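Contents: one structure, followed by commentary.
Numbering of ligands and ligand atoms starts at 1, following listing order. The chain is numbered in sequence order, starting from 1. Because the structure is predicted, anything quoted here is derived from the model rather than measured.
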Amino acid sequence: MKRRDLLIGGMGLGATLAMPRLAFGQTARFDRDPFQLGVSSGEPTSTSITLWTRLAPDPLVPGGGLEPRPYAVDWVLASDEALGAPVARGTAIATPEMAHSVRVTVQGLQPGRHYWYRFTVGDATSVTGRTKTLPDLRLSTGQVRFATASCQHFEQGLFVAYDHMVEDDVDFVLHLGDYIYGVSRGEFRHHTRKDVPVTLEDYRLRHALYKTDPHLQKAHASFPFMAVMDNHDALKDVDLTPEALAQRAAAYQAWFEHMPMAGGYTAGSRSIYTHGSLDFGDLLRLNILDTRQFRDNEDLCREAADPDYGFTIYRPACADVTAPGRTTLGAAQEAWIADRFATSRQRWNATASSVLFAPFAMQHGGDTFRYESSWDYYPENRKRLIGAMKETGLSNPVVLSADIHSNWAIDIPEDPDEPESAPIGSEMLATSISSGWPQPLDAPMKDNLTYNPHVHHYDSSQRGYMLHDVTPESWTTAMRVVDTIESAQAKVSNQARFAIEHGKAGVQKA
Ligand SMILES: [Fe+2]
């Protein structure tokens, strides 16, 4: 199923419900702002957008400081910032079952334009958010500007890089995972609880804490977001005990409750649908993969690991890794992405993967080590994906990735076993918003760049995001980095810029 199909008649109950207003506390008075977690929008199409907020006057206590009953929340969407020209309005119901989150999918909008929106409950009004629809699918599109971001450990610093993303003024933001962290690791500021979340309420409190960051809130209120999970957002798939499955289900529900998703999740479900595709006219098709939820166990070849090397997540790839049929996408998603490739008429075809797609070999102790979370541990799946790119003659493949808290610009070799084979595409892996990259993980990568001539840039020293400017003739990526994450006055600069020319796979310094 395409993500866009979910929008049609999805969760957008706002526009059509005529609510008995008083019954849902329309006259509610709030001593504290119930909109402290901000507003956001997501899943843009050329004619629709999903709006989100969550009522929580006391966001860091269980229940968010609300009575456990439904609240009626009015919303308005307008074509001007002062909201003087509303194009749609309605009432949505925030229920305690979904943490008093609100989601509204507004249809029938104009392509390629900004809209502004706001929520009201009782005597409280949210900030005004801005969002943007995708360009007209029938017209040719001259330019798209968007950002990729990832890995924002709350305890390690401010999410101040987002302030500069707001200044860069993008069409939308793609978040590639580690939106929250379960593990506590950092001293700059603290999780309200040190323990890894387990229950639904634990995960709600963790999401709420992250959403209190003003820089993140500003970005959400400025652009539509799409987000996929990485390993820290929910429990890994390795553990399949009933307790682990329940914990993962709790993580998925809290994720859904805090993201501007139109649908893709049903309360109590043990899976969530976050992969999807955005088409920017004839210029760009962006396929967003979920590389974590459906993957076969990455925890193989343990006996071959060196306890003193890369925290044992860098290991030789033993025979189990190359088993035919082994997958990081799952069969359904693999068929879906092949179809997105086959039906593309767009000039640029970006594939978002939370983890590194290109091969990376690390020579250690006479053996070749690989990073077990990356596609290097799913080589057969990668071969099938590259095969699909080739068979469909996919125009200008670009992979957008994250996870390893460093900036990379890479030529994706057509044959991953031969790093010097001709590139089939290009990969831009973005550094983290705030999470650091410890020396035991950094050093093996840095020390092995000479064995990986397809990697043109690697630098783990700075935090930030990537800014992508796409035109019919070229794709330019600026590695935007901040000079500190400990001050709201951080300054931004380019660590490097790389470009891809239309019709020529591979990255070039720009
Ligand atoms: Fe991370």
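- Taking a cutoff of 4.0 Å between a charged side-chain nitrogen and a carboxylate oxygen, Arg326 and Glu298 do not qualify as a salt bridge.
- A cation-pi arrangement, defined by a distance under 6.0 Å to the six-membered ring centre and an angle within 45 degrees of its axis, is absent between Arg285 and Phe280.
- Partners of Thr450 by side chain to side chain contact (heavy atoms under 4.5 Å, CB included), not counting sequence neighbours: none found.
- Not counting sequence neighbours, the partners of Glu201 by the side chain to side chain contact (heavy atoms under 4.5 Å, CB included) test are Pro62, Thr199, Arg204, Leu205.
- Applying the ring pair (Phe, Tyr, Trp, His ring centres under 6.0 Å) criterion to His468, with sequence neighbours excluded, gives Phe146, Trp475.
- Checked for salt-bridge contact, Arg315 and Glu372 meet the test: a charged N lies under 4.0 Å from a carboxylate O.
- Only protein N, O or S atoms were scored, and 4 of them lie under 2.8 Å from the Fe ion (ligand 1).
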